[in-house]
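This report concerns only the one structure given below.
Residue numbers start from 1 in every chain, and the chains themselves are labelled A, B, ... in the order their sequence lines are given, proteins ahead of strands. Because only heavy atoms are used, hydrogens play no part in the values below, and waters and symmetry mates are left out as well, while side chains stay in. What you see is a predicted model; the values in this text were computed from it and never measured.
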Amino acid sequence: MMPDLGKYGAEVLSAYGATIALLAVLVWASWVRARRVRAALEEAEARRKDAEG
Amino acid sequence: MRVEDLGCQRGGVPVLEGVSFTLAAGEALALRGPNGSGKTTLLRTIAGLQPPAGGRIELAEDSVAYGAHADGLKATLTVAENLAFWAAIHACDKVSEALEAFELRPLATRPAQKLSAGQKRRLGLARLLVTGRPLWLLDEPTVSLDADSVGLFGRAVRAHLSAGGAALIATHTDLGLEARVLDVTAFAATGGPAPGGFAEAFA
Amino acid sequence: MSALLLRDLKLAVRAGGGFGLGLAFFLIVTVLVPFGVGPDSGLLARIAPGILWVGALLACLLSLDRIFQLDWEDGSLELLATAPIPMEGVVLMKALAHWLSSALPLVLAAPVLGVLLNLPTAGYGWLMLSLALGTPALSMIGTFGAALTVGLKRGGLLLSLLVLPLYVPTLIFGTEAARRGAEGLANATPLLMLAGITAGVTALLPFAAAAVIRVNLR
Amino acid sequence: MSIWEYANPRRFMGWSAPLVPLFSALAALLIALGLVWGFFFTPEDYRMGSTVKIIYIHVPSAMMAINIWVMMLVASLIWLVRRHHVSALAAKAAAPIGVVMTLIALITGAIWGQPMWGTWWAWDPRLTSFLILFLFYLGYMALWAAIEDPDTAADLTGMLCLVGSVFAVLSRYAVNFWNQGLHQGATLSLDAEENISDVFWLPLLVCMAGFGVLFAALVLLRTRTEIRLRRLHVLEARDRTGRKGSGEG
């Protein structure tokens, strides 16, 4: 299954690991922020509707 | 000058709308309204410091002298040097008249940092004279002035008007001027659409 | 416009901080380097042009946030915006005043500090020439950065962060010109590039900086 | 209907909503495919050994680091000229993605450099240019964060992006002049196609497409967040003025 990476195994694996970790953090942060802002906005719109209605 | 259906905004929020008035040479117009009602915003918009949200301002180019809350004085320069600088910027040589008009002659060689608040204010107002501009836009000009100085200021404005100038003054004190009054609260924005389409609801 | 230049110079002289502080900083940086890298005069001679350029650049940076900040605080900038001189002219005069009061003293002091770093004899002229050609670009770029951060309460650190990357090309060509001159190599290309940067920056950045100031005054 | 209509916030929210999950899925698929293909099913280079596999992340991220800055420049120009708020917000939304891409390019470059050049970091022109680009991204984001008024922030960061782009190109040129470089790009770069066989090319292409689509998905998601934030601020401002008005009246 695992290919033989030879003497550079550590380098290749750490490069892939670092990349995947950074991308995961970016996606996760974007996602969490999107959800938080979305919830806050929905709440604000609902409050506004209450105030008007 | 002539203002038609002018809208003003502060920090992207509409403050005034539908402001219309005319101001002819020799006339003064007093702006009234509580704090935060948009007097400063209106003056700044007419002075060209911020873009109008709508409407038109008809005004000869380079005709405005703006007197803000801050006087634009340099603490380490003397009274005369401060005035001479603004005179040079506006290519105008009325420094000594300005010193006379606000009784600053005895203070001419004193650095601005050693003036009292009222004296600084007088110097700030004297700056208007060395601009040589016909339209004065004044924002609370009499703050920290005593009764005598207010009298001096009133005289200076009257002299300016009789020389064919005009003035738009946001103030709470009576300057003893024949001035029409414009109450800016009448033009308070009713929360029209915010710019950029963010006023529309979306999911 | 010359009135503005004269006023700014007068203010710099009266405040006293202007050249004094920048020069002292330049001196200290230069003195600290041998403590850091060791007293080997051969090594110092080799790195002297670079150290002096970096030192001058950092000393320039120190006074950038004063370019517009004081005028902003006391309302002068607003009044200048309504004055009959174009904002582009104000920006250019501000940059020139900064160069005369902050950068020119550094250019003149650089050879003295070169002695401390064993700068080769051939290098003095080239060092001063490269600094004289390059520092106006530093002042102009810095003025643009100062215009960007003028309305901010703690703009000083941000100003450095914004301006330092913009300084890279000037620094590279400046040190390259001084180093090659000191080593007796041909240095016409970096000198021309340096002059080109200064000319281009002086021609174009006043428009950008003036636009930025107008936005900040809104 | 003019193309600019798509930049109206409400319309943008409308058309971008279905694209985010679509692009996300596509990006996940492409990146997974490209990386698995590259990692497990490509041979080693006869000179670089298995380190050649780093190319499947290094090159796409480096490419995106530059492309994202160009996209921010275009978006800033559209904002400065046509005053479309969504455009400015898209530029703001793209910057953090650009930072991460630049960081990935730098880190993988350093990791690659260790066995190849025998050092983590070399002041090679390309690496140095990316370091400078990284600083530009940081400055740009710091300026956005520092200014309160959103339109002022958009204007100032737009101008910074414009001026910064000129200086970024100038820096690239200066850095080249300063150090002729030892980047082995030439043995394995896109402009030397004869050196690179299809075995390496195809998974690399898949990865580049994957990174591109990932950026598209993220920038849409983040722009939607920024638009919602603006809307939230408008509502809050209205709440404040409304309350003040009723209090006085």
Are there over 12 heavy-atom neighbours, none belonging to [X], within less than 6.0 Å of that residue's [atom1]?
X	atom1	value
B:D93	CG	no
C:L108	CG	yes
B:R105	CZ	yes

Tell me, do [X] and [Y] make a side-chain contact under 4.5 Å, heavy atoms counted?
X	Y	value
C:L217	B:Q50	no
C:R214	B:P51	no
C:E78	B:L49	yes

Next on the checklist: Restricting to non-hydrogen atoms, name the atom on B:R133 and the atom on C:A83 that form the minimum distance, rounded to 0.1 Å.
Outcome noted: NH2-C, 3.6 Å
Checklist entry - Taking only residues two or more places apart in sequence or in another chain, which ones pass side-chain contact (heavy atoms from CB on, under 4.5 Å) with C:V90? => result C:L4, C:L80, C:I85, C:M87, C:K94
Hey, can you pull the donor-acceptor pairs under 3.5 Å for the side chains in residues 124-139 of chain C, sequence neighbours left out?
from   : atom 1 : to     : atom 2 : distance (Å)
C:Y124 : OH     : C:V115 : N      : 3.4
C:S130 : OG     : C:W53  : NE1    : 3.1
C:S130 : OG     : C:W126 : O      : 3.1
C:S130 : OG     : C:L127 : O      : 2.9
C:T135 : OG1    : C:W99  : NE1    : 2.8
C:T135 : OG1    : C:L131 : O      : 2.6
C:S139 : OG     : C:H98  : ND1    : 2.9

Next on the checklist: I'd like to verify something: which residue of C:S76, C:G75, C:S2 has the highest number of heavy-atom pairs under 4.5 Å with chain B?
Outcome noted: C:S76
Checklist entry - Do any of residues 113-123 of chain B have a heavy atom less than 4.5 Å from a heavy atom of chain C, and if so, which, in residue order? => result none
Checklist entry - Which members of residues 74-90 of chain B, sorted by number, sit under 4.5 angstrom from chain C on a heavy-atom basis? => result B:K74, B:T76, B:L77, B:T78, B:E81, B:F85, B:W86, B:A88, B:I89, B:H90
Checklist outcome for this item: CZ of C:R218 to CD of B:Q9, rounded to nearest 0.5 Å, is 8.0 Å
Checklist entry - Stepwise, does the side chain to side chain contact (heavy atoms under 4.5 Å, CB included) test hold for C:D74 with B:L73? => result CA-CA 6 Å; C:D74 67 19; B:L73 302 177; over 6 Å; no
Item to check | Proximal component of C:L70, with respect to chain B [non-hydrogen, under 4.5 Å] | outcome: both
